[in-house]
Amino acid sequence: MGARETALNALIACRKHGAWSNGVLKEYAVRDKLDSRDAGLAARLCYGVLQNRQKLDFYLKQLLTGKLSSLHPAVRDILHLGLYQIYELDKIPDSAAVNESVALTKKYCAKQRGASGLVNAVLRNAVRSKGKLQEPVTLEEKYSHPAGLIALLRSYVGEDRLEAMLAANNAAPDTVVQVNTLKTTAEELTARLISERVTVQPHGWLRDCLVLSGTGSLENLPSFKEGLFYVQDAAARLSVLCAGLPCDADWNVLDCCAAPGGKSFAAAIAMGGRGRITSCDVHDHKVNLIRNGADRLGLTNLKACRQDASACVEDWVGKMDAVIADVPCSGYGIIRKKPDIREKNPDTMKELPSLQLAILCNQAKYVKPGGVLLYSTCTLVRRENEGVVEKFLKAQPDFYLERLPLPAPLPENESGMLALIPGEYDTDGFFIARLRRRA
């Protein structure tokens, strides 16, 4: 089984069963025994289609003689895959895109009379029509974001920043890793990765952060297995830096919604392996994921445990020097990594602010007088970001917002709240608020 067939199976699973593309792609790549090159192609094809569905449909309407709505769903998926290769990728021969799509149609749509002939005709027409079709004009069709989501994002980022953000949502994300400075340095790790035939660049503004390409499967790199680095976007790493954890103090730190563990790992490393990090998640399998990551990195000051972030643990009340609350959210800041988020109904997420506020108020109980409470999300919606912080401050007058310590080129921040927008600083979309409990 090849990359295109794996990508098709993933698209079908997303469409029929509501599967998340990132999870199902990993599962199917292993199942289909793809090598790292084919696994990368399958991911690019699947994500590319999910990122461009409305745009691809815009082209299909011009290429079809019949109605788009009359297409069998699997035929439509195959046409999307073919069109994406023909119009969006420049390293795949058009003939391969057409022929492989026809072969997939014969295998997966054998009961659909004339389906393979239709796919062959439409894609050959697409090849002939390169540069001749009308291009999409509306933001919905140009960037394949639903109108309701665009309106929601516009209300947060404004008109001037909107289109650049939508374009960034459709770009292939970089592979960003953080150096485990308990074991190595950025310079030593760079040399090691180059010896493993990985292309490495330092991040533009974040220390001990590297941008990788040509990695194949990261998990197979000896440097990964030895725990010399972990995968984490610069925005998530920045949020931990904003907590101001000291490297020479015996602090108690709680990460209440920790899986897959990146912020806990960052906290443990920032503290130089000292102090105590309690890393929590509500699901046992995710707790095991954190434990395995900490073991690989050699983080002996981290303890992972199962705990509901909205339920109070009396033994922790008033005991934590810092609490990190990266709460469940709508995820609109990480659409470039999870393109299927854009298709989720926003109405199903309207209850999130109540949960977020409940978690934040519960975590506040654990903060010592004079301690820090770090609130963060990976979304770009006011009701989940500034709105939650404002409600929290009204309910908890013994907390106040505190200036964020930010590296250049990020602007100086006195408000204590920061929203990072995709397309501006080479990060995911992210919100950070630093709260201090009065001594």
Side-chain angles (χ1 to χ4, degrees), residues 1-53 56 74 77-78 80-93 96-97 99-101 103-104 107-108 169-177 192-201 210-233 260-262 285 289 292-293 296 334-341 428:
M1 188 174 290
R4 293 173 179 83
E5 188 169 358
T6 299
L8 175 61
N9 283 327
L11 289 171
I12 291 172
C14 292
R15 172 172 52 78
K16 292 181 69 174
H17 308 299
W20 288 100
S21 56
N22 60 332
V24 78
L25 272 168
K26 290 179 181 178
E27 177 187 343
Y28 286 3
V30 172
R31 180 199 69 183
D32 300 341
K33 299 179 181 179
L34 300 186
D35 60 25
S36 59
R37 182 175 177 275
D38 278 346
L41 176 58
R44 185 64 256 147
L45 294 177
C46 179
Y47 289 150
V49 168
L50 292 173
Q51 290 169 337
N52 292 278
R53 275 199 186 278
L56 295 171
D77 289 334
I78 293 168
H80 283 161
L81 279 169
L83 283 178
Y84 180 74
Q85 294 170 75
I86 293 167
Y87 285 160
E88 303 293 335
L89 300 181
D90 54 10
K91 293 183 179 180
I92 294 179
N99 294 337
E100 292 290 337
S101 297
L104 287 174
K107 182 173 180 178
Y108 284 85
N169 284 349
N170 284 359
D174 291 326
T175 299
V176 180
V177 303
R192 177 67 181 277
L193 287 166
I194 290 173
S195 75
E196 295 173 352
R197 299 183 178 181
V198 175
T199 301
V200 187
Q201 289 183 327
L210 304 175
V211 182
L212 311 185
S213 57
T215 61
S217 174
L218 275 176
E219 291 81 0
N220 291 330
L221 292 176
S223 54
F224 179 87
K225 293 177 181 179
E226 293 171 26
L228 302 185
F229 67 90
Y230 63 98
V231 178
Q232 185 183 45
D233 188 74
H285 71 282
L289 188 67
N292 292 339
R296 180 180 63 83
I334 55 172
I335 289 176
R336 63 178 183 163
K337 292 178 178 174
K338 294 185 176 181
D340 16 18
I341 285 175
D428 291 337

Is there a side-chain contact between [X] and [Y] in this structure, where contact means two heavy atoms from C-beta onward sitting under 4.5 Å apart?
X: V49; Y: D77; value: no
X: L89; Y: L45; value: yes
X: Q201; Y: S213; value: no
X: E5; Y: D32; value: no

In Å and rounded to the nearest 0.5 Å, what is the [atom1] to [atom2] distance from [X] to [Y]?
X: K107; Y: I78; atom1: NZ; atom2: CD1; value: 11.0 Å
X: I86; Y: S101; atom1: CD1; atom2: OG; value: 7.0 Å
X: R197; Y: L221; atom1: CZ; atom2: CG; value: 12.5 Å
X: L218; Y: F224; atom1: CG; atom2: CZ; value: 6.5 Å
X: E196; Y: L193; atom1: CD; atom2: CG; value: 5.5 Å
X: N9; Y: R4; atom1: CG; atom2: CZ; value: 14.5 Å

Taking all atoms of both residues into account, what is the closest heavy-atom pair of [X] and [Y], and its distance?
X: A3; Y: D38; result: CB-O, 3.3 Å
X: H80; Y: R53; result: ND1-NH1, 2.9 Å
X: G262; Y: Y230; result: O-CE1, 3.7 Å
X: A10; Y: L25; result: CB-CD2, 3.9 Å
X: N52; Y: G48; result: ND2-O, 2.7 Å

Between the main-chain N or O of [Y] and the side-chain N or O of [X], is there a donor-acceptor pair closer than 3.5 Å?
X: D233; Y: D428; answer: yes
X: D174; Y: V176; answer: no
X: D340; Y: S21; answer: yes

**Prompt:** Side chains of Q51 and Y84: donor-acceptor distance under 3.5 Å anywhere?
**Reply:**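 Judged by distance alone, the side chains do not pair up.
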**Prompt:** Does R336 make a cation-pi contact with Y47 (under 6.0 Å, within 45 degrees of the axis)?
**Reply:**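 Cation-pi check for R336 and Y47: fails.
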